[in-house]
Amino acid sequence: MEFVNTFLSLIFSNMSTYIIILLLVFLVYGLILKKHIYSLFDPFTIMIFSNVISTSVVIFMKYFNLCSNYQFAGYVLTESALLFGLITFKPIKLGVSETIEIEFKLIEKYFDENFYKMFFIIISFSFIILYIIFYYKYGIPLFQRGSRLDNIKNAGYVSSLSTGIKIFITIMIIRNISRFKLETMRFNLFNIMMAIVLVLTIFLSGSRSSIIGIIQFATLYFIFSSKKSFNLSTWRRINKVLLILAVVAVVTAMVLTTVRINIDYAGQVDKPSLLRYVTIRIISFGDVYIYNYLPHVKYAGGTVANGLLLIFSPIILIIKSFLGIFGLHIINNFPQPIGLTMYQVVNKTLVIGGPNSRHNVFGIFYFGMFGGVVLSYIIGLTISLCRNHLFRKLKYTYSNLLLYTTLSYITINMISDISLAMAYLKYAFLVAIIFGTVTYLVLRIIEVVKKGVNSSVH
């Protein structure tokens, strides 16, 4: 941690140099990706901002000879591959779609308005119950000192299911609010209650990124909804509303940050100011490179097998759980993410924390230079496929709305941590399968009961 603090001090003492590098990098990324940014509040915009910060950190390190030529070349090659992947599919035009569109008829046969509302009600009550269990067993994260990841890890499927439900429930609340005038008063009141519950759980989690996430989900929702109807003046009004919400989100994030500072630095004389703390947090988008380029520090476990296990561990765990029912057991130990390893090795601690394993570091560490470049391109290609190609091909339906918004949001996170993004995909998949099945069964039971009542009356 001493080297990290020394590096941050170096940036603060050479802030003008860092700002010049930052502006130049921002210009380059802007020229390459400007047509692929559909809104200021697009999650793609936030992720590219983090890439700009990370690239600025690496260039700053190279400027002061804090990384080798090999490390710098590896970063440039992998980042270039990512950018090339991101622009593989041409950008979309809001309100315009291809003549051939995909519709999953088997899903749409059951995913009507009744199914949608019942699914929303079931996952809403499940969401409340899961968070009550979490708070009762592990406490409220906002008021806990240090890393909150230990409790999240210990919570197991309580945490996994609540995370998956949060993805769906956020999208569905946004849709319900946009249809406020078309719904019954009872359903609108229930939706407002769940919106309050969602915001409250995010606030108590202490997660600043989750607050911004609501705005990002809303943006993706309106982007896909433009397939149904699009008007430029309406889109501008939507962005004004999103701007207001973003300001509220930023203010809330600052309040949460102030609370975290007071908790984490309670009784300490070197408590940082809010401005300095936020600046450090922004620069920390590139903190994994600071750990990765440390001189004379070697990290173990950089094998192709470990890299593949980390990427596909969510899928393997689902298969493992299924096979466990029949007494079959596969792969008991999974490698921990390289970001966590770096944090624990450098700081000589067992605390769960540390930087995200960004695509550059993850790819080269586990697959070498060539493999890292290929992985970065695949990640960029996957994001472009979900954001652009799927938009053109998917017909506007309830299920496709959830599919597009979920995949677009999650795949973007592959840039910062591919194994975490894959875990999110697993959570979303489990929620869709488990609660989709429960919803189907509940509706069938209601249908049978109604038929029984009607037949007894006649």
Let me confirm one number: the CZ-CG distance from Arg175 to Leu401, rounded to the nearest 0.5 Å.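 So the gap between those two atoms works out to 7.5 Å.
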How long is the straight-line distance from OH of Tyr291 back to CD1 of Ile338, given to the nearest 0.5 Å? 12.5 Å
Taking only distance into account, with no hydrogens and no angle test, what donor-acceptor pairs under 3.5 Å do side-chain atoms of residues 369-383 form with protein atoms, sequence neighbours excluded?
{"unit_1": "Ser376", "atom_1": "OG", "unit_2": "His359", "atom_2": "ND1", "d": "2.8"}
{"unit_1": "Ser376", "atom_1": "OG", "unit_2": "Gly372", "atom_2": "O", "d": "3.1"}
{"unit_1": "Thr382", "atom_1": "OG1", "unit_2": "Ile378", "atom_2": "O", "d": "2.7"}

Contacts of type salt bridge (charged side-chain N to carboxylate O under 4.0 Å, His left out), residue Asp42, not counting sequence neighbours: Arg387
Check the surroundings of atom [atom1] in [X]: do more than 12 heavy atoms from other residues, nucleotides or ligands lie under 6.0 Å from it?
X: Tyr29; atom1: OH; value: yes
X: Tyr424; atom1: OH; value: no
X: Tyr63; atom1: OH; value: no

Taking only residues two or more places apart in sequence, or in another chain, which ones meet Ala432 in a side-chain contact (heavy atoms from CB on, under 4.5 Å)?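 Here the qualifying residues are Phe168.
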Using the side-chain contact (heavy atoms from CB on, under 4.5 Å) criterion, which residues pair with Ser416? Sequence neighbours excluded. Met47, Asn356, Arg358, Asn413
Could I get the full list of side chain to side chain donor-acceptor pair (under 3.5 Å) partners for [X], not counting sequence neighbours?
X: Ser56; value: none
X: Ser408; value: none
X: Thr170; value: none
X: Lys62; value: Asn69

Non-hydrogen atoms of Phe367 and Val304 that approach each other most closely: CE2-O, 3.7 Å
Under the ring-ring contact (aromatic ring centres under 6.0 Å, His included) rule, collect the residues that match up with Phe224, sequence neighbours excluded.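 By the ring-ring contact (aromatic ring centres under 6.0 Å, His included) rule, Phe224 matches Tyr396, Tyr404.
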Checking Phe89 now: which residues fulfil ring-ring contact (aromatic ring centres under 6.0 Å, His included) with it, not counting sequence neighbours?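 Result, ring-ring contact (aromatic ring centres under 6.0 Å, His included) vs Phe89: His389.
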Determine all donor-acceptor pairs shorter than 3.5 Å in which one atom belongs to a side chain in residues 10-17; sequence neighbours excluded.
{"unit_1": "Ser13", "atom_1": "OG", "unit_2": "Ser9", "atom_2": "O", "d": "3.0"}
{"unit_1": "Ser13", "atom_1": "OG", "unit_2": "Leu10", "atom_2": "O", "d": "2.9"}
{"unit_1": "Asn14", "atom_1": "ND2", "unit_2": "Leu10", "atom_2": "O", "d": "2.9"}

Any Cys67 side-chain heavy atom under 4.5 Å of Tyr75 side chain: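 No. Closest side-chain heavy atoms not under 4.5 Å.
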Just checking Phe217 against Tyr221, ring centres under 6.0 Å apart? no
For residues 403-413, pull every pair meeting salt bridge (Lys or Arg N to Asp or Glu O under 4.0 Å), keeping only residues two or more places apart or in separate chains. none
Polar side chain donor-acceptor pair, Asn306 to Thr303, under 3.5 angstrom: yes
